[in-house]
Amino acid sequence: TGDFLVSASRDKSIKVWEVSTGYCTKTLVGHREWVRVAAVSPDGKLIASGSNDHTIRIWEIATKECKVELREHDHVVECVSWAPEVCTSHINEAIQAENPRAGKSEGPFLVSGSRDKTIKVYDVSTGSCI
């Protein structure tokens, strides 16, 4: 396997490129508007994408399938970032402080920023905004 690069585009797609050849190896489609940002998960299995359509989509790279669509923002999603695994215990502590009856989650967790002036944290395994 080689090195790959992920791009987001105005054509509403996310593309996976093989760096050594310059060839597009996968195209992910599903957003209804310009895709502003795409980020690969730390394990390399998922891509999170944010769009002008106010959504975040979680894609399984191997199958090109959209696993989750997150619709918590009220404006353009400008940035997404996967939380490193070392943050899991801290995120769970914050969840417990907010809701003592909430169970612990293993994540993965994703953070997003939007033009609606909010930052949101998601448990991708459940598709919930925490």
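Keep in mind that the numbers below use all heavy atoms, side chains included, and drop hydrogens, waters and symmetry copies. Fair warning: this is a prediction, and the values are worked out from it, not measured in the lab.
Atom CZ of Phe4 sits about 7.5 Å away from atom OG of Ser20, to the nearest 0.5 Å. With rounding to the nearest 0.5 Å, the separation of OG in Ser89 from CD in Glu106 is 10.0 Å. In this structure, the separation between OG on Ser49 and CZ on Arg36 is 13.5 Å, given to the nearest 0.5 Å. The CD1 atom of Ile58 sits 11.0 Å away from atom OG of Ser125, with the distance rounded to the nearest 0.5 Å. Rounding to the nearest 0.5 Å places OG1 of Thr55 at 9.5 Å from CD of Glu33. Ser114 OG to His54 NE2: the interatomic distance, rounded to the nearest 0.5 Å, is 7.0 Å.
The closest side-chain heavy-atom distance from Trp59 to Ile14 is below 4.5 Å. Looking only at side-chain heavy atoms (C-beta outward), Lys26 and Ile61 come within less than 4.5 Å of each other. Between Ser41 and Ile47, every side-chain heavy-atom pair lies at or beyond the 4.5 Å cut-off.
Under a 3.5 Å cut-off, the side chain of Thr25 and the backbone N or O of Trp17 do not form any donor-acceptor pair. At distances below 3.5 Å, at least one donor-acceptor pair connects side-chain atoms of Arg57 with backbone N or O atoms of Gly30. Listed for the Thr21 side chain is a donor-acceptor partner under 3.5 Å among the backbone atoms of Tyr23. Under the 3.5 Å distance criterion, the side-chain polar atoms of Ser13 are left unmatched by any main-chain donor or acceptor of Leu28. Of the possible donor and acceptor atoms, none in the side chain of Asp116 sits under 3.5 Å from a partner among the backbone N and O of Val76.
More than 12 heavy atoms of other residues, nucleotides or ligands shown are found within 6.0 angstrom of CD on Gln96.
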* Asked: Is there a side-chain hydrogen bond (donor to acceptor under 3.5 Å, both in side chains) between Ser128 and Asp123 once you walk through the steps?
  -> CA-CA 5 Å; Ser128 60; Asp123 180 342; 5.0 Å; no
* To do: Please test Val40 against Leu46 for side chain to side chain contact (heavy atoms under 4.5 Å, CB included), starting from the C-alpha separation and ending with a verdict.
  => CA-CA 6 Å; Val40 179; Leu46 302 172; over 6 Å; no
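Taking the six-membered ring where tryptophan is involved, the planes of Tyr122 and His73 are perpendicular, since the angle between them exceeds 60° and thus also 30°.
A continuous path of Ile, Leu, Val, Met, Phe, Trp and Tyr side chains, each step under 4.5 Å between heavy atoms, connects Val68 with Leu110, placing both in one hydrophobic cluster. Under the 4.5 Å side-chain heavy-atom criterion for ILVMFWY residues, no single connected hydrophobic cluster contains both Val111 and Leu70. Connection of Val80 to Phe109 is not established within any shared hydrophobic cluster, with ILVMFWY side chains joined at heavy-atom distances below 4.5 Å, either directly or through further cluster members. Under the 4.5 Å side-chain heavy-atom criterion for Ile, Leu, Val, Met, Phe, Trp and Tyr, Trp82 and Val77 are members of the same hydrophobic cluster.
Using a 4.0 Å cut-off between charged nitrogen and carboxylate oxygen, Lys45 and Glu60 do not count as a salt-bridge pair. Salt bridge present: Glu69 and Arg32 bring a charged side-chain N and a carboxylate O closer than 4.0 Å.
Shown here for Ile91 and Ala83, the closest heavy-atom pair between the two residues is CD1-CB, 4.0 Å.
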